[in-house]
Amino acid sequence: MKLLTAEEAGFVSRYTDLAQPRLGSEVIYATDDFFADKARLIDPAEPVFIDDKYDDHGKWMDGWESRRKRGEGYDHCIIRLGLPGIVHGVNIDTSHFTGNFPPAASIDGCYCEGDPDGETVWQEIVPSVTLGADSHHLVAVESEQTWSHLRLNIYPDGGVARLRVYGQINCNWETRDPNEIVDLAALVNGGRGIAANNSHYGSPTNILAPGRGVNMGDGWETRRRREPGNDWAIIALGHPGTVSAIEVDTAHFKGNFPEGCTLQAAYMKGGTEQSIITQSMFWKTLLPEQKLSMDAIHKFEHEVQDIGPITHVRLNIIPDGGISRLRLYGKIEQ
């Protein structure tokens with residue numbers, strides 16, 4: 001199994017971390033987490049090292065760490081994904097684990113109602129890979145199956161700082177009511193950010209997350225523009241549909257909210273995510289330019305243009321700044 005460089009691992013920027021807690025994901029079992037709590041494995045924050053921090057079990061580590069194994073076998077933990085999905089890649093991160101990282105790891109997947117038990121059949125999705133100290137280990141996953149749970153196996157013991165699971169949420173659209181008004185861009189409905197001209201302070205995928213932003217870091221914010229023009233982000237909807245109402249939330253953005261915004265949209269067939277960037281310049285207007293204000297939810301309904309079913313939108317912020325959330329309400333295409 002080949003490890004990828006950050007440049008090769010396009011899944012990191014293209015897909016959502018299915019294991020993040022705000023989607024409902026949880027580490028539900030570990031054979032052992034004596035030194036470091038299994039729950040830290042999917043903490044959305046970057047792992048840290050605190051030189052002089054100890055607890056009753058020894059050196060405090062920001063991740064999942066088992067005790068030193070003195071017999072046969074190996075350790076593993078099980079992650080319940082908040083929403084079942086297709087996994088396209090993983091990052092097994094051993095940041096700050098230097099003399100205590102596992103020499104190897106693998107990942108299995110299963111799909112089941114409820115939680116797995118002794119009768120559950122697991123399938124290997126990431127064969128054993130060699131791990132190094134204090135490193136990111138990026139691995140592509142070829143399977144197109146939907147998984148509800150993942151099992152991270154470490155050989156034979158040790159610590160992993162974080163596990164990131166990049167993929168697409170499977171929303172079972174065929175079972176959804178086509179007359180229901182849904183947020184077509186929501187992360188929980190399979191929406192994802194696929195491109196932006198600048199993401200200096202946060203990914204555009206953040207603006208599709210559940211709930212309101214928790215702080216200014218929980219959104220998409222660009223650097224200060226020092227040249228003519230405006231900043232933009234492109235969002236892929238979870239399912240083609242017709243948008244009838246839009247919300248733009250600038251929660252927590254006070255001295256750095258955009259002066260205004262517009263949305264363009266299209267129904268895309270074929271091409272690549274790179275070609276979509278070029279094509280997006282000529283998409284139809286979904287929402288004409290609207291003025292924005294600080295730390296507020298802006299609701300638009302009568303202003304939304306009827307352009308029929310779409311698959312992608314381009315959010316233009318004028319000229320720059322930060323957006324906390326974007327909601328695109330409408331009906332799925334039947």
Side-chain angles (χ1 to χ4, degrees), residues 16-17 20-24 44-45 82-83 169 171 180-225 230-239 241-265 280 283 285-305 310-332:
T16 300
D17 180 8
Q20 57 183 297
R22 68 180 170 187
L23 294 180
L83 296 163
I169 294 167
C171 297
E180 179 187 5
I181 299 295
V182 299
D183 181 357
L184 296 166
L187 201 60
V188 297
N189 286 329
R192 59 192 178 93
I194 62 172
N197 72 304
N198 185 268
S199 301
H200 192 83
Y201 296 109
S203 165
T205 295
N206 290 343
I207 67 178
L208 313 178
R212 297 196 74 190
V214 296
N215 54 43
M216 205 169 68
D218 187 24
W220 168 55
E221 182 185 1
T222 64
R223 84 290 183 251
R224 297 188 186 211
R225 175 170 283 274
N230 65 274
D231 293 326
W232 52 265
I234 297 175
I235 306 298
L237 305 187
H239 191 283
T242 301
V243 175
S244 56
I246 296 171
E247 287 185 8
V248 179
D249 188 356
T250 56
H252 309 292
F253 290 96
K254 299 177 181 178
N256 51 353
F257 63 94
E259 179 69 16
C261 74
T262 71
L263 272 85
Q264 298 167 260
S280 72
W283 290 352
T285 297
L286 177 64
L287 180 70
E289 184 172 339
Q290 305 294 323
K291 184 173 176 57
L292 300 179
S293 56
M294 69 177 184
D295 194 26
I297 297 176
H298 308 78
K299 298 182 178 181
F300 308 107
E301 186 171 355
H302 300 299
E303 300 88 345
V304 177
Q305 304 296 297
I310 60 172
T311 60
H312 294 73
V313 299
R314 171 173 164 145
L315 168 64
N316 302 295
I317 57 173
I318 303 168
D320 58 20
I323 293 288
S324 178
R325 294 290 187 268
L326 174 67
R327 306 300 186 204
L328 302 174
Y329 297 108
K331 297 179 181 180
I332 62 174

- Side chain T205, main chain R192, donor-acceptor under 3.5 Å: no
- For D218, does its backbone N or O pair with a side-chain atom of N215 as donor and acceptor, under 3.5 Å? yes
- Message: Are the side chains of D295 and K254 in contact, using a 4.5 Å heavy-atom criterion?
- Response: yes
- Only one of L315, I318, N316 passes side-chain contact (heavy atoms from CB on, under 4.5 Å) with C261; say which it is. L315
- Item | Residue pair L208, V188: steps toward the side-chain contact (heavy atoms from CB on, under 4.5 Å) verdict | CA-CA 8 Å; L208 313 178; V188 297; over 6 Å; no
- If you round to the nearest 0.5 Å, how far is CD1 of I235 from OG of S280? 11.5 Å
- Can you find a pair of side-chain heavy atoms, one from N189 and one from H239, that are under 4.5 Å apart? no
- Query: Between P204 and I207, which heavy-atom pair has the shortest distance, and what is it?
  - Reply: O-CG1, 2.9 Å
- Side chain T285, main chain Q264, donor-acceptor under 3.5 Å: no
- Task: Rounded to the nearest 0.5 Å, what's the gap from CG on D231 to CD1 on I323? Could you check?
- Result: 11.0 Å
- State, with a plain yes or no, whether a side-chain heavy atom of H200 is found less than 4.5 Å away from one of D320. no
- Can you name the nearest heavy-atom pair linking F253 to S324, along with the distance? CE1-N, 3.7 Å
- Is T250 reaching over with its side chain to a backbone N or O of S293, donor-acceptor style, under 3.5 angstrom? yes
- Query: How far does CH2 of W232 sit from CD1 of I317, to the nearest 0.5 angstrom?
  - Reply: 11.5 Å
- Query: For the side chain of N198 and the backbone of T222, is there at least one donor-acceptor N/O pair under 3.5 Å apart?
  - Reply: no
- List the steps and the verdict of side-chain contact (heavy atoms from CB on, under 4.5 Å) for L184 and I332. CA-CA 7 Å; L184 296 166; I332 62 174; 3.8 Å; yes
- Given the rule in the side-chain contact (heavy atoms from CB on, under 4.5 Å) test, do M216 and N256 qualify, once you have shown the distances and angles that lead to the verdict? CA-CA 10 Å; M216 205 169 68; N256 51 353; 3.2 Å; yes
- Message: Distance check, rounded to the nearest 0.5 Å: L237 atom CG versus I310 atom CD1?
- Response: 5.0 Å
- Query: What are the two closest non-hydrogen atoms of A209 and R22, and how far apart are they?
  - Reply: CB-CZ, 3.4 Å
- Any V248 side-chain heavy atom under 4.5 Å of L326 side chain: yes
- Point-to-point distance, once rounded to the nearest 0.5 Å, from CD of E289 to CD of E259: 8.5 Å
- Message: Contact between I246 and Q290 at the side-chain level, heavy atoms closer than 4.5 Å - yes or no?
- Response: no
- Task: Measure from the side-chain N and O atoms of R325 to the backbone N and O of N206, and report whether any donor-acceptor pair falls under 3.5 Å.
- Result: yes
- Task: Working to the nearest 0.5 Å, report the span between CZ of F300 and OH of Y329.
- Result: 13.0 Å
- Query: Given the rule in the side-chain contact (heavy atoms from CB on, under 4.5 Å) test, do L263 and V243 qualify, once you have shown the distances and angles that lead to the verdict?
  - Reply: CA-CA 11 Å; L263 272 85; V243 175; over 6 Å; no
- Note on the structure: What one should report as the nearest heavy-atom pair of S203 and W220 is O-CB, 3.8 Å
- Nearest heavy-atom approach of A265 to V313 is CB-CG1, 3.9 Å
- If every non-hydrogen atom of G322 is compared with every non-hydrogen atom of P258, which pair is closest and at what distance? O-CD, 3.2 Å
- Message: Given D249, which partner from the list K299, R327, H298, R212 fulfils the side chain to side chain donor-acceptor pair (under 3.5 Å) test?
- Response: R212
